[in-house]
Trainee: 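Okay, handing you the structure first.
Here is how names work: the chains are called A, B, and so on, in the same order as the sequence lines, proteins then strands, and each is numbered from 1. The figures here come from the full heavy-atom set of this structure, side chains too, leaving out hydrogens, waters and symmetry mates.
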There are 2 protein chains.
Amino acid sequence: MNDVLVVDDDPHILKALKITLHAHGYNVMTAPDGGSALRSAAQYPPDAIVLDLGLPDLDGTTVIKRVRQWSRVPILVLSARHGSDDKVKALDAGADDYVTKPFGLDELLARLRAVQRWSFQADEAPVVTTASFTVNLAMRQVTRGGQDIRLTPTEWGILEILARNPEKLVTQQQLLTEIWGPAYAKEASYLRVYMAQLRRKLEPEPGNPRHFLTEAGIGYRFQP
Amino acid sequence: MNDVLVVDDDPHILKALKITLHAHGYNVMTAPDGGSALRSAAQYPPDAIVLDLGLPDLDGTTVIKRVRQWSRVPILVLSARHGSDDKVKALDAGADDYVTKPFGLDELLARLRAVQRWSFQADEAPVVTTASFTVNLAMRQVTRGGQDIRLTPTEWGILEILARNPEKLVTQQQLLTEIWGPAYAKEASYLRVYMAQLRRKLEPEPGNPRHFLTEAGIGYRFQP
DNA sequence: GTGCGGATGAAAGGAACCTGAAATGGCCGA
DNA sequence: TCGGCCATTTCAGGTTCCTTTCATCCGCAC
């Protein structure tokens with residue numbers, strides 16, 4: 001709930017914002033231009049975007065419109081331009097707030113809190129179903145034969161990644177780095193422990209898995 | 001969807017705003033001070049409020065807080081004061097945007113559209129009922145066996161978030177950042193204190209909760 | 001058939017973490 | 001001054017995680 005993507009072409013401002021936001025508990029990602037901002041937002045969807053309008057590659061409103069095609073994440077625009085024309089365009093493109101430079105950091109933080117208040121409860125409900133169980137990603141809930149299955153945080157982390165990539169082969173490194181961090185990329189035995197627990201809780205026949213398939217030496221595949 | 005309540009003590013501004021907004025398709029109600037604004041908003045709930053901070057009777061942030069006790073209607077603040085302190089206070093009291101005078105009418109209209117975008121989708125059931133108690137989100141009231149239950153502001157904040165997301169798993173971070181701010185995202189022990197108080201007040205068997213379920217290491221789930 | 005290496009699944013123990021309950025001091029408004 | 005609310009800490013009990021060990025399985029070369 002605290003991932004913020006900050007987009008600005010000035011590295012000094014980028015750094016200053018990163019430090020300030022981090023000091024207030026946000027987990028900050030940065031991008032220096034529109035293209036990388038869009039890529040970053042697609043790969044790691046943030047919970048808010050702070051966007052400078054004066055980018056080297058893309059027009060600011062273009063970035064807003066592109067993001068709005070697939071996400072309703074709150075967008076807070078920073079700009080040096082005071083013209084009301086720019087403000088109207090950015091806001092109507094889908095921005096949620098517009099702050100002109102220079103701005104107070106207190107104000108920026110307060111506005112960030114304000115735009116985040118709304119978004120918190122507005123996300124979609126993707127559901128993945130198999131013959132044996134159902135995974136509700138938004139509710140973070142797994143049901144099997146009408147019964148709720150209790151999963152530990154680590155078990156859920158693995159299941160979530162697999163369920164978001166059905167039928168795709170997910171490598172051990174991907175899972176390890178996502179859940180334990182890059183330093184654990186070689187600890188494949190951890191995966192075996194938790195895959196076994198997932199199978200025990202969800203597979204009808206844990207010894208002969210039908211949904212969590214092992215690809216020896218490479219990774220795992222989730223078969224709905 | 002177009003009823004706007006405009007609050008300002010200057011009759012000229014009031015009239016000018018009324019004409020402008022009306023010309024853009026809004027149905028405008030007006031109030032010259034905080035007291036009548038609150039009465040008007042309660043009697044004819046508007047779809048947005050444009051609020052001048054410099055009112056003769058009540059402090060602006062007081063008006064915002066009072067409205068927020070029972071409504072999430074978008075509030076757009078107008079003010080002559082540029083100080084960031086006023087902005088932060090108003091935004092944290094529950095305002096959705098803050099415009100300093102003098103402002104362009106185009107900008108005001110664009111910001112009004114921006115804050116209204118969110119409220120479109122926010123018409124959830126204002127009353128949540130469980131086997132043991134009833135939560136009235138709009139009236140900020142909890143009843144149990146016909147008796148009103150008194151909740152402290154923090155307790156209510158937590159209950160409100162959980163009740164607006166029934167059956168969904170709400171993470172500790174979500175609760176902490178919503179209520180205490182992002183900097184407190186790690187203080188999970190605060191949550192335990194207030195969840196225990198909520199359970200004591202609302203659960204039939206506080207030691208064995210049926211409605212406020214703990215998901216160890218992740219968060220809490222509200223089961224109606 | 002036999003031996004071998006790499007990888008897998010099962011099991012287990014202690015460490016680390018999470019939880020609910022309770023208690024304390026500070027702050028603020030009545 | 002008092003009472004209510006809040007922030008913060010401590011503690012015991014329980015759960016989850018990390019890590020290692022061991023038997024098994026599979027493909028492959030000899």
Trainee: Starting at the 5' end of DNA chain D and moving along, which residue's nearest nucleotide shows up first, Leu151(A) or Glu187(A)?
Mentor: Leu151(A)

Trainee: For Asp52(A), enumerate each residue passing the salt bridge (Lys or Arg N to Asp or Glu O under 4.0 Å) test, keeping only those at least two apart in sequence or located in another chain.
Mentor: Lys101(A)

Trainee: Starting from C1' on dT16(D), measure out to CH2 on Trp156(A) and report it in whole angstrom.
Mentor: 18 Å

Trainee: Is there a side-chain polar atom (N or O) of Arg150(A) under 4.0 Å from OP1 or OP2 of dT15(D)?
Mentor: no

Trainee: Just the rounded figure in Å: distance from P of dC18(D) to CD of Glu155(A).
Mentor: 11 Å

Trainee: Give the intermediate values and the outcome of side-chain hydrogen bond (donor to acceptor under 3.5 Å, both in side chains) for residues Thr177(B) and Tyr184(B).
Mentor: CA-CA 7 Å; Thr177(B) 49; Tyr184(B) 291 75; over 6 Å; no

Trainee: Check the distance between dA21(C)'s P and Phe212(B)'s CZ and give it to me in whole angstrom.
Mentor: 14 Å

Trainee: Quick one: which of Val115(A), Leu112(A), Ile75(A) gives a side chain to side chain contact (heavy atoms under 4.5 Å, CB included) with Val50(A)?
Mentor: Leu112(A)

Trainee: Ignoring backbone atoms, establish whether Tyr220(B) has a side-chain N or O less than 4.0 Å from OP1 or OP2 of dT19(C).
Mentor: no

Trainee: In whole Å, I'd like the distance from the CD1 atom of Ile158(A) to the P atom of dG9(C).
Mentor: 12 Å

Trainee: dG4(D) phosphate, OP1 or OP2: any side-chain N/O from Thr152(B) under 4.0 angstrom?
Mentor: no

Trainee: Any salt bridge between Asp96(B) and Arg111(B), counting N to O under 4.0 Å?
Mentor: no

Trainee: Looking only at the side chains, is there a donor atom on one of Arg199(B) and Thr214(B) sitting less than 3.5 Å from an acceptor on the other?
Mentor: yes

Trainee: Should Thr214(A) be listed as having a side-chain N or O under 4.0 Å from OP1 or OP2 of dT8(C)?
Mentor: no

Trainee: Pull out every residue in residues 161-185 of chain A that has a heavy atom closer than 4.0 Å to any atom of DNA chain D, ordered by number, or say none.
Mentor: Trp180(A), Tyr184(A)

Trainee: dC26(D) C1' sits how many Å from Ile218(A) CD1, rounded?
Mentor: 15 Å

Trainee: Between Phe222(A) and Phe212(A), does the ring centre distance come in under 6.0 Å?
Mentor: yes

Trainee: Give the rounded distance in Å between these two atoms: CG of Leu191(A) and C1' of dA7(C).
Mentor: 13 Å

Trainee: Between Tyr194(A) and Trp180(A), does the ring centroid distance fall short of 6.0 Å?
Mentor: yes

Trainee: I'd like to know if the side chain of Asp57(B) reaches the main chain of Gly34(B), judged simply by a donor and an acceptor atom lying under 3.5 Å from each other, with no hydrogens or angles considered.
Mentor: yes

Trainee: Please answer whether the main-chain N or O of Ala95(B) pairs with a side-chain N or O of Arg117(A) as donor and acceptor at a distance below 3.5 Å.
Mentor: yes

Trainee: What residues from residues 192-204 of chain B pass a heavy-atom cutoff of under 4.0 Å to DNA chain C?
Mentor: Arg192(B), Val193(B), Ala196(B), Arg199(B)

Trainee: Indicate, with a heavy-atom threshold strictly under 4.0 Å, whether Ser189(B) touches base, sugar-phosphate, or nothing.
Mentor: base

